[in-house]
Amino acid sequence: MKEIPLIYEISNEDRDTISLPQDIEFFPQEELPKELLRKDLPLPQLSEVEVVRHFTNLSLRNFGIDLGFYPLGSCTMKYNPKINEELAHLPGFTKIHPYTPEDLSQGCLQIIYELEKLLCNITGMDRFTFQPSAGAHGELTGLLIIKAYLKDKGERRNTVLVPDSAHGTNPASAVMAGFKTIEIPSDERGLVNPNILKKYMNKDIAVLMLTNPNTLGLFERNIEEISEIVHREGALLYYDGANLNGIMGYARPGDMGFDVVHINLHKTFSTPHGGGGPGAGPVGVKEYLTHYLPKPLVDFDGEKYFLNYNIPKSIGRVRSFYGNFSVLLKALIYIKLMGEEGLRKSTEIAVLNANYLKEKLKDIFNLPYPSLCKHEFVLSGKKQKEKGVRVLDIAKRILDFGIHAPTISFPLIVEEALMIEPTETETKYTLDNFVSVLEKINREIEENVDIVKTAPHNTPIKRLDEVLAVKNLKVKWG
Ligand SMILES: *Cc1c(COP(=O)(O)O)cnc(C)c1O
C-alpha cells in the first residue's frame with residue numbers, strides 16, 4: 001500500500017485556498033494579546049477536495065466493524081445499526097446544553113428515566129446510575145458504593161475476591177477503590193467452584209466480583225450456591241456485566257443474587273466503540289443500596305421528570321453531569337427497536353454463532369474447555385506453539401485477510417489464548433470464511449511458516465517491533 005504523506009508535506013504555498021467575502025470584518029489583530037497570536041502556525045494550503053481525499057484515504061487505513069469481521073473476544077464488536085446514529089444526531093439531542101433547566105429538557109430526562117426502567121427489567125436490579133463512562137468506571141463506582149455501605153454498617157472488610165479468569169480491570173478497580181485483592185483459581189471446568197470459594201471466605205471479604213458468563217464464555221452454573229456462600233459470610237456479590245449479551249432475555253443477574261452490577265452499554269446495547277470511546281457503564285443496585293448511588297438520579301413526580309439530588313448517603317459524583325448521554329440514547333433506541341423478543345433472539349444467535357465457530361475450529365486449535373459456550377469461547381494455540389508459531393503470529397496473519405484478530409493472550413489461564421466472539425450480527429457466510437482463513441493459516445504453518453511469522457503483509461503498517469515501540473516512544477511530528 002502506498003505511503004500517505006502528512007498533510008503538511010502536500011501543502012503548497014502557491015495554492016490560493018480560501019476566498020472569503022470582502023465585506024467580512026475581521027477581528028483587528030492589534031487588539032489581541034501578543035502571546036495569543038499564532039503567526040507561524042503552518043496551516044496546510046490545500047484545496048477543499050484535496051483535504052477531503054487526504055482524510056478519506058487516511059480513514060481507510062484504519063479498521064472498523066463497517067470494513068470487516070471483528071471477532072475480538074470480550075469486546076463485543078457487533079454491528080451498530082446506523083439508525084441509532086441518525087436519531088442520536090437530531091438537533092434536539094445534540095444542541096441541548098447540560099445546564100438546560102429541567103422544564104426545557106423533559107424529553108432528555110424521560111430518555112434516561114425510560115432507559116433505567118428497561119435496564120432494571122433486563123437485569124433484575126432496582127435502580128441505576130448513568131454517570132460511569134465505561135465498564136471499568138462502573139466497577140470503581142460499584143465498589144465505592146459497596147465501600148460506603150459497609151462503612152455505614154460499621155464493617156471493616158478490606159478484601160475483594162476475583163477469579164483468575166477475570167478481566168484485568170476487576171482487580172485494578174478494587175485497588176483504586178482502596179481494597180486488597182485475592183485471586184481465586186478456576187476449577188478444571190473453567191468455573192468458580194463453590195468448594196474452593198468456601199476456603200477463601202472470611203470476615204475480611206467485602207465482595208466477590210464475578211463475570212457471568214465468564215471470560216471463557218462459560219456460564220457459572222453454581223451461581224446460586226456461590227451467592228449463598230458469599231452472602232452467608234456477610235459479603236456482597238458484584239456482577240461484571242460485560243458479557244450480559246450472552247444471557248440477556250434468558251437470565252438476570254438480579255435473580256442470581258448479585259447486589260451490584262455494571263453494564264457495558266457500548267458492548268451489549270450497540271454503540272460504536274474501540275479507539276477509546278465513548279462508552280457508558282451504568283451501575284445498577286438492589287433496593288438496599290439505592291441511597292448510596294451517585295447523584296442526581298432522574299425521577300418522575302407524576303407530572304414532570306426531575307433531577308433528584310435528595311440521595312442521603314450518596315457517594316457523590318463520579319463524573320460531570322449525567323453520563324455520556326448520546327450512548328444512553330443509542331442504547332434506548334436499540335432496546336426499543338429490538339423489543340423483548342428481539343433481545344432474546346440476539347442472545348440466541350450470538351450463542352449459536354459462537355458454538356458453531358467453536359465446533360468448526362476445535363480440531364484446528366486446542367479447545368481447553370469443551371463444554372457448550374455462551375457468546376464467546378477460548379481456543380489455545382498450544383499445538384501451533386510446538387511448531388514455533390505463537391498466537392501473536394497467527395493474529396497478525398489474520399489481518400492480511402481483511403479480518404480483525406481475535407483477542408489473544410487473555411484470559412491468562414489459557415496458554416496461547418485465542419478468544420473469539422463472533423456476535424449475532426454476522427452471517428454464516430462470514431463465519432465460514434473466517435474458518436477457511438484459519439484453516440489456510442494452519443496449513444501455512446506446515447508449508448510456509450515464514451509467511452505467518454513475518455505477517456502482516458497486506459496492511460498499511462507491517463509487523464511492529466513492540467519492544468522498540470515501548471522503549472522509544474515517538475509521538476511528535478517533526
Ligand atoms: C470490556 C470489559 C471490561 C471493561 O469495560 P470497559 O468498558 O472497557 O471499561 C470489564 N470486564 C470485562 C469482562 C470486559 O470484557
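In what follows, residues are counted from 1 in the order of the sequence shown. Both ligands and their constituent atoms are indexed starting at 1 by order of listing.
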Colleague: Using ring centroids (six-membered ring only for Trp), state whether Tyr149 and His291 fall under 6.0 Å.
Modeller: no

Colleague: Report the nearest protein non-hydrogen atom to atom 9 (O) of ligand 1: residue, atom name, distance rounded to 0.1 Å.
Modeller: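 Among all protein heavy atoms, the one nearest atom 9 (O) of ligand 1 is Ala136 N, 2.8 Å.
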
Colleague: Look only at interatomic distance and state if Asn243 has a nitrogen or oxygen under 3.5 Å from any nitrogen or oxygen of ligand 1.
Modeller: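 No, no N or O pair falls under 3.5 Å.
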
Colleague: For the residue pair Tyr70 and Phe63, is the inter-centroid distance of their aromatic rings smaller than 6.0 Å?
Modeller: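 Under 6.0 Å, so yes.
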
Colleague: Considering distance alone, does some N or O of Ala242 sit under 3.5 Å from an N or O of ligand 1?
Modeller: no

Colleague: Starting from atom 6 (P) of ligand 1, locate the nearest protein heavy atom and write down its residue, its atom name and how far away it is, to 0.1 Å.
Modeller: Gly135 N, 3.4 Å

Colleague: Do Lys453 and Asp393 meet the salt-bridge criterion of a basic N to acidic O distance under 4.0 Å?
Modeller: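 Yes, charged N to carboxylate O under 4.0 Å.
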
Colleague: Taking the six-membered ring for Trp, are Tyr369 and Phe377 closer than 6.0 Å centroid to centroid?
Modeller: no

Colleague: Would you say ligand 1 has an N or O under 3.5 Å from any N or O of Asn264?
Modeller: yes

Colleague: Look at Glu155 together with Lys151 and state whether they make a salt bridge at an N to O cut-off of under 4.0 Å.
Modeller: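 Looking at Glu155 and Lys151, the cut-off is not met.
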
Colleague: Enumerate the atoms of ligand 1 whose separation from the nearest heavy atom of His266 is less than 4.0 angstrom.
Modeller: 7 (O)

Colleague: Could you list the atoms of ligand 1 found under 4.0 angstrom from a heavy atom of Thr169?
Modeller: 3 (C), 4 (C), 10 (C), 11 (N)

Colleague: Can you find a pair of side-chain heavy atoms, one from Phe325 and one from Ile111, that are under 4.5 Å apart?
Modeller: yes

Colleague: Can you tell me if NZ on Lys383 sees more than 12 non-hydrogen neighbours from other groups inside 6.0 Å?
Modeller: yes

Colleague: Any heavy atom of His273 sitting closer than 4.0 Å to ligand 1?
Modeller: no

Colleague: Compute the shortest N/O to N/O distance between Thr211 and ligand 1 and return yes if it is under 3.5 Å, no if not.
Modeller: no

Colleague: Give a yes/no verdict on whether any heavy atom in Lys267 is under 4.0 Å from an atom of ligand 1.
Modeller: yes

Colleague: Please determine whether the number of non-hydrogen atoms from other residues, nucleotides or ligands lying under 6.0 Å from atom CD of Glu415 exceeds 12.
Modeller: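 More than 12 within 6.0 Å, yes.
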
Colleague: Over 60° means perpendicular and under 30° means parallel, so classify the ring planes of Tyr113 and Phe300, tilted if in between.
Modeller: tilted

Colleague: Considering distance alone, does some N or O of Asn170 sit under 3.5 Å from an N or O of ligand 1?
Modeller: no

Colleague: Which of the atoms of ligand 1 are close to Ser74, meaning less than 4.0 Å from one of its heavy atoms?
Modeller: 13 (C), 14 (C), 15 (O)

Colleague: For Cys75, is at least one N or O under 3.5 Å away from an N or O on ligand 1?
Modeller: no

Colleague: Could you tell me the residue and atom name of the protein heavy atom closest to atom 11 (N) of ligand 1, and the distance to it rounded to 0.1 Å?
Modeller: Asp240 OD2, 2.6 Å

